[in-house]
Amino acid sequence: MSEKKIYKPKPVSGFPEWLPQIRRIEQHWFDHIRSVFESYGYCSIETPSVEELDVLAAKGEVDKEIYVIERLHKEDDDKEARLALHFDQTVPLARYVAQRFNDLDFPFKRYQMQRVWRGERPQAGRFREFYQCDIDVIAVDNLPLHFDAEVPSIMIEILQGLDVGAFQMQLSNRKILMGFLAGLGITDSVDVLRAIDKKDKIGGDDGVRKLLHSTTSLNDQQIEKIIGFTHIKTPDSSFVEHVRTLGVAHETLEQGLNELAFVMNNLQHIDAGLVVADLSIVRGLDYYTGTVYETRFLDDPNYGSICSGGRYEDLAGSYINKHLPGVGISIGFSRLFDYMRLKNKWNPVRKTPTDILVVLPSEDRRAHAAETARILRHRGFCVELYHADQKLAKQLGYAEKKGIPYVWFPPFDDGGAHEVKDMTNGAQNKVDPMTWNAS
RNA sequence: GCGGUCGUAGCUCAGCGGUAGAGCCCUCGGUUGUGGUCCGAGUUGUCGCGGGUUCAAAUCCCGUCGAUCGCCCCA
């Protein structure tokens, strides 16, 4: 007798996995998202999990926490390129488009639903491995502004279809904020952007005032203009008038106002309250140069954005000598899914796709039962044949535990009738496998 | 990387100096071709890991690892 060594597995923080019944829901979500993307003519691509570190770092230093991969048995003098797991899908897209520029047709509209990895400390709504569902449109030299309204429309349609509760997408345009600050004579904007971005967390207007006083040399008048600016929030293009009353003028500001007004005017078909122009949206210090999007739950705005993105004037400039503007938006699938899972405390019944469990009456009836299962399968049902010659109570119990909605009794003797039992109400009837349908 | 909380059975947890517990789950049974309820029986633990204090540690102390929440950052 040898002692069995057991390595007791622990959950790996930030790498979620689900039971089959939750995974089923996740798959339905993916199906829904895919079908909406495709209904707008977006095509699917998939890129490798890894990119060369040089690709990820092409825009300069990588400030994100990324996972580098290497072989366990690598030699010390290994010369192969260093690889890293991608931390988003935009950088891989840029590389993909640059590399296949000749073979793609523009505007290139693609969707991508893959895992991405970040080494940050996990917490509620934040994982180290998670899914993002991206759509982007890339064009050569000129990308019509209509797309800036199309991509958020698509995402809102998806979120409504998933029944995720009350949410709101906030839109702004980088040029408005940057132009506004430039018009105020502010050149070094990083600290200001950070203060505006953190407004909700640092205690609203007073928090912003304090932070701006301590990190910048702005005067009270400038600070009050900024505070007033961050309050501008309208369901349509009327934000333009509000900005005008602040009396700041700048060419970039004007351009941004026109662009965002255009986008808002093209979103008026969306149900009231779902989209709003909100000039306090900063969207990090990323590569966005125009429209930016952010989406939050109304009853839990601090949870983090569940759907965001924006326009970038030159997506692939680091990889190809072409001018390729793009606009894209991404659903934080895992963040959204986990939120709904915890909030709704899903208790799904079905643990398997099986619609019908075919009973095995006895070992010598197996061939006949298997034939019944085949007939039902060809008619489009998901069918399993019970695996062993066991008491019917046991077979019924199996269907019950797995949440299989129907149990099928093939004839127990030659010439007998088929019967099907509806497990939800116990009703059992004589039926024909060629014509029966689930109620 | 920095703080707060928490690690006991597969799961949820009780026990908080004196021989490891409950509920759930799981397995079997309550006779012949029918689940959920009920009843009975049974299996399951390096009390996260290492050290210290003590006659005695799951229990007190220190360390460590892990999880979790928050900060930074972000989907």
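Computed over heavy atoms, backbone and side chain alike; hydrogens, waters and symmetry mates excluded. Letters A, B, ... are given to chains in the order of the sequence lines, protein chains preceding strands, and every chain is numbered from 1.
Candidate nucleotides B:rC74, B:rC69, B:rU68 were compared by shortest atom distance to the side chain of A:Arg118, and B:rC74 ranks first. The side chain of A:Leu392 sits closest to B:rU34 out of B:rC71, B:rU34, B:rA75. Out of B:rA75, B:rC69, B:rU34, the shortest distance to the side chain of A:Lys421 is found at B:rU34.
For B:rC65 and B:rC28, the C1' atoms lie 40 Å apart once the distance is rounded to whole Å. Atom name C1', nucleotides B:rA57 and B:rU53: the rounded distance is 10 Å, in whole Å. Comparing B:rG21 with B:rU31, their P atoms are spaced 33 Å from each other, to the whole Å. Using C1' as the reference atom, B:rA20 and B:rA14 are 12 Å apart when rounded to the nearest Å. Across the P atoms, B:rU8 and B:rG50 are found 16 Å apart, a figure rounded to whole Å. For the C1' atom pair drawn from B:rU32 and B:rC11, the interatomic distance equals 38 Å after rounding to whole Å.
An aromatic stacking contact between A:Phe333 and the base of B:rA75 is absent, as defined here by ring centres under 5.5 Å apart and ring planes under 30° from parallel. Remark: ring of A:Phe409 does not overlap the six-membered base ring of B:rG33 in a stacked fashion, as centroids less than 5.5 Å apart with planes less than 30° apart are not both met.
Applying the 3.5 Å distance criterion, the base of B:rC72 shares no donor-acceptor pair with the side chain of A:Arg194. If you check distances only, the side chain of A:Arg121 never reaches the base of B:rC71 with a donor-acceptor pair under 3.5 Å.
Between A:Trp408 and A:Trp436, the ring planes lie perpendicular to each other; the angle is over 60°, past the 30° to 60° tilted range.
Partners of A:Asp163 under the side-chain hydrogen bond (donor to acceptor under 3.5 Å, both in side chains) rule, at least two apart in sequence or in another chain, do not exist in this structure.
Residue A:Lys198 is classed as a sugar-phosphate contact, given heavy-atom separations below 4.0 Å to backbone atoms only. Note on A:Gly397: only backbone sugar-phosphate atoms sit closer than 4.0 angstrom, heavy atoms only; bases stay farther off. When heavy atoms are screened at a 4.0 angstrom cut-off, A:Gln395 is found touching no nucleic acid atom at all. Looking at heavy-atom distances under 4.0 Å, A:Ser308 makes contact with sugar-phosphate atoms alone, never a base. Using a 4.0 Å heavy-atom distance criterion, A:Tyr131 is classed as making no nucleic acid contact. Residue-level contact check: A:Gly426 touches the bases, meaning some heavy atom is under 4.0 Å from a base atom.
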Along nucleotides 23-31 of chain B, 5' to 3', which nucleotides get a B, which get an S, and which get a -, given that the test is a protein heavy-atom distance under 4.0 Å?
-> ---SSS-S-

Sub-3.5 Å pairs of nitrogen or oxygen atoms, protein against nucleotides 6-12 of chain B:
none

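Heavy-atom contacts from other residues, nucleotides or ligands closer than 6.0 Å to NE2 of A:His378 number 12 or fewer. The 12-atom threshold is exceeded at CD of A:Glu363, counting heavy atoms of other residues, nucleotides or ligands nearer than 6.0 Å.
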When you look at A:Leu357 and A:Tyr386, which way does the side-chain contact (heavy atoms from CB on, under 4.5 Å) test go after all the steps?
-> CA-CA 7 Å; A:Leu357 176 72; A:Tyr386 194 73; 4.2 Å; yes

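Here the two rings, on A:Phe229 and A:Phe180, have centers that are under 6.0 Å apart.
For the OP1/OP2 pair of B:rG70 and a distance below 4.0 Å, the side-chain nitrogens and oxygens of A:Gln123 include at least one atom meeting the criterion.
With A:Arg335 contributing its side chain and A:Ile306 its backbone, the two residues share no donor-acceptor pair below 3.5 Å.
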